[in-house]
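These notes are about the structure you will find just below.
By convention in this document, chain letters (A, B, ...) are assigned in the order of the sequence lines, proteins followed by strands, and residues within each chain are numbered from 1. For the numbers below, each heavy atom of this structure counts, side chains included, while hydrogens, waters and symmetry mates do not.
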Amino acid sequence: MTGTVAAAPRTLPPLGPTRKLKVPKQAERTLRNGLTVIAVRRPAVPLVELRLWVPFGRVHLARGAMLSQTMLSGTGSMTSVQIAAELQKVGGGLSAGVDPDRLMVSGAGLVTGLDRMLELLAEVLTGASYPSDEVANERDRLVDRIQVAQSQPAHLAREALLKRIYGRHPYATQTPEPGQIRAVRPAALRALHAERVHPTGAQLVLVGDVQPEKALDAAERALGGWSGAGRTAELPATPPLEPGPLLLVDRPGSVQSSLRIALPAVSRTDPDHAPLQLANLIFGGYFSSRWVENIREDKGYTYGPHSVIEHSVAGSVLVAAAEVATEVTGPALLETTYELGRLASLPPKPEELEQARQYALGTLQLGMSTQAGLAALTSAYAGNGLRLDFLAEYAARLAKASVDDVAQAAARYLAPARAAMVVLGDAERVAPGLAALTTVHTESPA
Amino acid sequence: MAARRSRIPATKYPVEQFTLDNGLRVVLTPDRSAPVIGVAVVYDVGIRSEPEGRTGFAHLFEHLMFQGSENLEKLAHFRHVQGAGGTFNGSTHLDYTDYFETLPSNALERALFLEADRMRGPRLTEENLRNQVDVVKEEIRVNVLNRPYGGFPWLTLPPVMFDTFPNAHDGYGSFDDLESATVADAADFFRRYYASGNAVLAVSGDIDVAEATELVNRHFGDVPSRPAPQRPDFTEPDLSAERRTSYTDALAPLPAVAGAWRVPDPVTDFAGYLPYVVLAEVLTDGDASRLVERLVQRDRMVTTLGGYLGFMGDPFDVRDPTALLLQAHLPPGGDVDKVLRTIDEELDRLATDGLTDGELARTQARMATHLLRDTDAVLGRALRMAVLEQQRGEPGLLNELPRLVGEVTDEQVRAAAATLRPERRAAIEVIPGGAR
């Protein structure tokens, strides 16, 4: 439509004054049984969000997965349908999930139902009975779901990457095999629950239309009786990333290749974290990044490339991911390592840094502006030993990172020579193009 | 257990509305509880409006709207939104296309400038078109071609249920159609559908109404006036005999099935439509719902089950014709016929015996939670209000939805269930070709 309107060029309006990051009102109490409860007030809608983080490192993979699937399947006095119906009555719901760090029980409901949701949570925590029928049913369903996951390229690429970067660390394998799931019996789940689902070291986060102190009282009333000493387990620190040949995992007939690149990263409290976060944004961490502008907006190789720093309890890693057309797999890797190398060896332009900085600061505001966002953030922080006031500190670090700081972080962490690379795709078609760029080690999928 | 009824809460988001001289309708909904805003521009054009031989064009055009505009180079839109601390996106639906950003509130004027600029005219160049055709092809590969169950059932069920091009064709588009699209096609599409009179702007969050009104006038006031095109009638007759089809998904490891029944007009017969929205939840929301309890837990016939209104799961932003859908994944060797028969049996039982004590009230309480949660984010509010204004002239309906859902009666849900007969059903089965 160029030329249809011959007006004078208009100029972009400036931004108004920035409103300072305001951390919402919160309260915290550690109960006598060792459970830490954090309540945050955000009264925008008459709801409350609930997140319970129970440390769950070094748990048997298949049993842990099955425990999260069956924890809400019944107690001494209630069936799974009764639990679900009672939660529904107060507009609530609970679900459980695991990863190598934690068991997480999440939910949300009408704030008028907070007491009832907490009572039902306590009922499950202290009385989950793992009924044989339900366990058998959930076992079959989980096996089906794992089979479906194993047909998804993103899942397969992730599995290959984790094995590649974590070696013998517990993070290396995060999805159990169907055979391991089939071997799990209710007795093993009861034993695991008794041993590991206990309040010591656990954090409960409540966010919503609540008076924080009153929410803590409610949690204490409902969960004060949850006890049971049990085992805790420390995870060893993750091993340093070992660069090496590109791992090519064959998926015959793929019309796309899944490109995954892992680079070293540091925890949230490390002084390098803020500059590295900014360097990551400039590379591929948001849409206006060099990588997206290059391989999507200029060359059309891919739909949604992105890179992100993942923080786990035992270590952090930067992962860049793109699904690219099979025929341009080599060229896409070339452009990717080019952009990494360019950022690692030349300082970013000041305006590039400012743009990334504004994005980082603005999305902090956005992330805190909903109850669910605040709950996720509070819980992720609490699980890593931090509190919401760290947000203000993090914002200050982002605000003061200089071009030099970011350039140094990029040189230290983003250099392509430090990368561990995995490609999942049609090996026959993509191996020659990749081999022209780097040493390739080809594997058939597990 | 006694049916203790939770009081259904409501929101009271204020709504200010006006229309500019060029026909642009504006909805403002202030909320100063956090320093963030949501901005949405919704055009009344979607997949159903794209021309024959141009499948996927509405979506391709959505991509082109990000490729520069009158005063903005390619990439500028992204950089200006994100450089102000915000995020953005767009999406193409059956009946509308939306563009939106959420930002810290000090970027309000910038966001309005960016949206107004592309409403005046996107830069439609050959180079951008070819680039975005490539990007869209990769999007289709990621979401459909390279993954199991790609496009199931939103792309695969409509051609079973409908006969006319607008309702039945593939909204993502064929590679042939995408590749043969021209700049002239795009210019034509823009002229016709991206008119100020065919759009709604909604702004929510940390705004002052007087200031926002002034800024909207400043930036959108001189967007050239073009009226909304006449919207064609997409009506199709209801099915009078069951339709059933199947296809092999080479990547899928397990069987799956989806079935759908037509429902009353969501806009002109909202009262008749709402019981179906509730019914879908009674059937499938959680372990205490009818079909999950029966098919997943008791009979173990399916692994997962879902039910919803609208092919894109959009009960309150779709026009007629639309449907109630149920979809399920089955265990290896699962029997699709048996699943459909059991669903029929449960629908019969519900139609005959009605709901149990408290079943409806608890479903409604949870629906209220979902509705409130969706609009807690300022952007969710702006988008929903923009579409409610566009399709119904009623953005404030957002505040009423939890209450209206709560007023649906046992008898209405029962009557809705009674209409979901096998002879009115369209169903599609996925045959797994990827079992290892």
Checklist entry - Do you know which of A:Val81, A:Val45, A:Leu366, A:Val324 has the most heavy-atom pairs under 4.5 Å to chain B? => result A:Leu366
Next on the checklist: Can you classify the ring geometry of B:His219 versus B:Phe113 as parallel (below 30°), tilted (30 to 60°) or perpendicular (above 60°)?
Outcome noted: perpendicular
Next on the checklist: If I measure from the heavy atoms of chain B, does A:Glu351 come under 4.5 Å with its side chain, its backbone, both, or neither?
Outcome noted: neither
Checklist entry - If you count heavy-atom pairs under 4.5 Å with chain A, which of B:Asn143, B:Val136, B:Leu379, B:Val296 comes out on top? => result B:Val296
Checklist entry - Is it the case that B:Arg381 places NZ or CZ above or below the six-membered ring of B:Tyr13, under 6.0 angstrom from the centre and within 45 degrees of the axis? => result yes
Checklist entry - If you count heavy-atom pairs under 4.5 Å with chain A, which of B:Gly68, B:Pro9, B:Ser69 comes out on top? => result B:Pro9
Next on the checklist: Please classify the contact between B:Gln297 and chain A as side chain, backbone, both or neither, with a heavy-atom cut-off of under 4.5 Å.
Outcome noted: both
Item to check | From CG (B:Asn106) to CG (A:Leu15), nearest 0.5 Å | outcome: 5.5 Å
Checklist entry - Under a 4.5 Å heavy-atom cut-off, does chain B meet the side chain of A:Arg357, its backbone, both or neither? => result neither
Next on the checklist: Taking the six-membered ring of B:Phe66 as reference, does the cationic atom of B:Arg118 (NZ for Lys, CZ for Arg) lie under 6.0 Å from its centre and within 45° of its axis?
Outcome noted: yes
Checklist entry - Based on non-hydrogen pairs under 4.5 Å, which of B:Asp206, B:Leu145, B:Val81 is most in contact with chain A? => result B:Asp206
Checklist entry - B:Phe88 vs B:Phe78 aromatic rings, parallel, tilted or perpendicular, using cut-offs 30° and 60°? => result tilted
Checklist entry - Top residue by heavy-atom pair count (under 4.5 Å) with chain B, among A:Asp298, A:Val148, A:Asp144, A:Thr370? => result A:Asp144
Item to check | Proximal component of A:Arg296, with respect to chain B [non-hydrogen, under 4.5 Å] | outcome: both
Item to check | Largest heavy-atom contact set with chain A, pairs under 4.5 Å, which of B:Asp376, B:Leu372, B:Val292, B:Leu330 | outcome: B:Asp376
Next on the checklist: Does this structure show an ion pair linking B:Asp222 with A:Arg10, if we count only N-O contacts that are shorter than 4.0 Å?
Outcome noted: yes
Next on the checklist: I'd like to check A:Arg145 versus B:Thr303 (side-chain heavy atoms, cut-off strictly below 4.5 Å). Are they in contact?
Outcome noted: yes
Checklist entry - When you check the side-chain N and O atoms of B:Lys12 and B:Asn399, is any donor under 3.5 Å from an acceptor? => result no
Checklist outcome for this item: Ranked by heavy-atom pairs below 4.5 Å to chain B, first place among A:Gln355, A:Arg141, A:Gln256 goes to A:Gln256
Item to check | Part of A:Thr112 within contact of chain B (heavy atom distance under 4.5 Å) | outcome: neither
Item to check | Contacting region of A:Asp133 [heavy-atom separation from chain B under 4.5 Å] | outcome: both
Checklist outcome for this item: Max heavy-atom pairs within cutoff under 4.5 Å with chain B, candidates A:Gln358, A:Glu297, A:Gln152, A:Glu323, goes to A:Glu297
Checklist entry - Mind checking whether B:Tyr149 and B:His329 have ring centres under 6.0 Å apart? => result yes
Checklist entry - Between B:Leu108, B:Asn131, B:Leu75, B:Thr102, which shows the greatest number of heavy-atom pairs under 4.5 Å with chain A? => result B:Asn131
Checklist entry - Side chain, backbone, both or neither: which part of A:Leu361 has a non-hydrogen atom closer than 4.5 Å to chain B? => result neither
Next on the checklist: Taking every non-hydrogen pair under 4.5 Å, which of A:Leu87, A:Asn137, A:Val255, A:Leu21 racks up the most with chain B?
Outcome noted: A:Asn137
Checklist entry - Can you tell if the side chain of B:Ile140 reaches within under 4.5 Å of the side chain of B:Phe175, non-hydrogen atoms only? => result yes
Checklist entry - For A:Val292, is it the side chain, the backbone, both, or neither that has a heavy atom closer than 4.5 Å to a heavy atom of chain B? => result neither
Next on the checklist: Shorter than 4.5 Å, heavy atoms on both sides: which option in B:Thr375, B:Thr369, B:Asp134, B:Thr11 has the most such pairs with chain A?
Outcome noted: B:Thr369
Checklist entry - Is chain A contacted by the side chain of B:Arg130, its backbone, both, or neither, given a heavy-atom distance below 4.5 Å? => result neither
Next on the checklist: If you define the side chain from C-beta out and look only at heavy atoms, does anything of A:Leu94 sit under 4.5 Å from A:Leu50?
Outcome noted: yes
Item to check | Side chain, backbone, both or neither of A:Thr11 within contact of chain B (heavy atoms, under 4.5 Å) | outcome: backbone
Next on the checklist: I need the residue from A:Gly92, A:Pro43, A:Ala154, A:Gly113 with the largest number of non-hydrogen atom pairs under 4.5 Å to chain B.
Outcome noted: A:Gly92
Next on the checklist: Which atoms of B:Lys74 are under 4.5 Å from chain A, going by heavy atoms: the side chain, the backbone, both sets, or neither?
Outcome noted: side chain
Next on the checklist: Given heavy-atom pairs under 4.5 angstrom as the criterion, report whether the side chain, backbone, both or neither of A:Lys20 touches chain B.
Outcome noted: neither
Item to check | Any side-chain donor near an acceptor of the partner, B:His370 and B:Glu281, under 3.5 Å | outcome: no
Item to check | B:Arg300 and A:Asp140 ion-paired at < 4.0 Å | outcome: no
Checklist entry - chain A heavy atoms under 4.5 Å from B:His77: which part of the residue, side chain, backbone, both or neither? => result neither
Item to check | Over-ring placement of B:Arg120 relative to B:Tyr194, 6.0 Å and 45° cut-offs | outcome: no
Checklist outcome for this item: When the 4.5 angstrom heavy-atom criterion is applied to B:Glu293 and chain A, the contacting part is side chain
Checklist entry - Heavy-atom distance under 4.5 Å between the side chains of B:Arg110 and B:His80, does that happen here? => result yes
Checklist entry - Is A:Arg116 salt-bridged to A:Glu86, going by a charged N under 4.0 Å from an acidic O? => result yes
Item to check | Toward chain A, the part of B:Ser289 with a non-hydrogen atom under 4.5 Å | outcome: neither
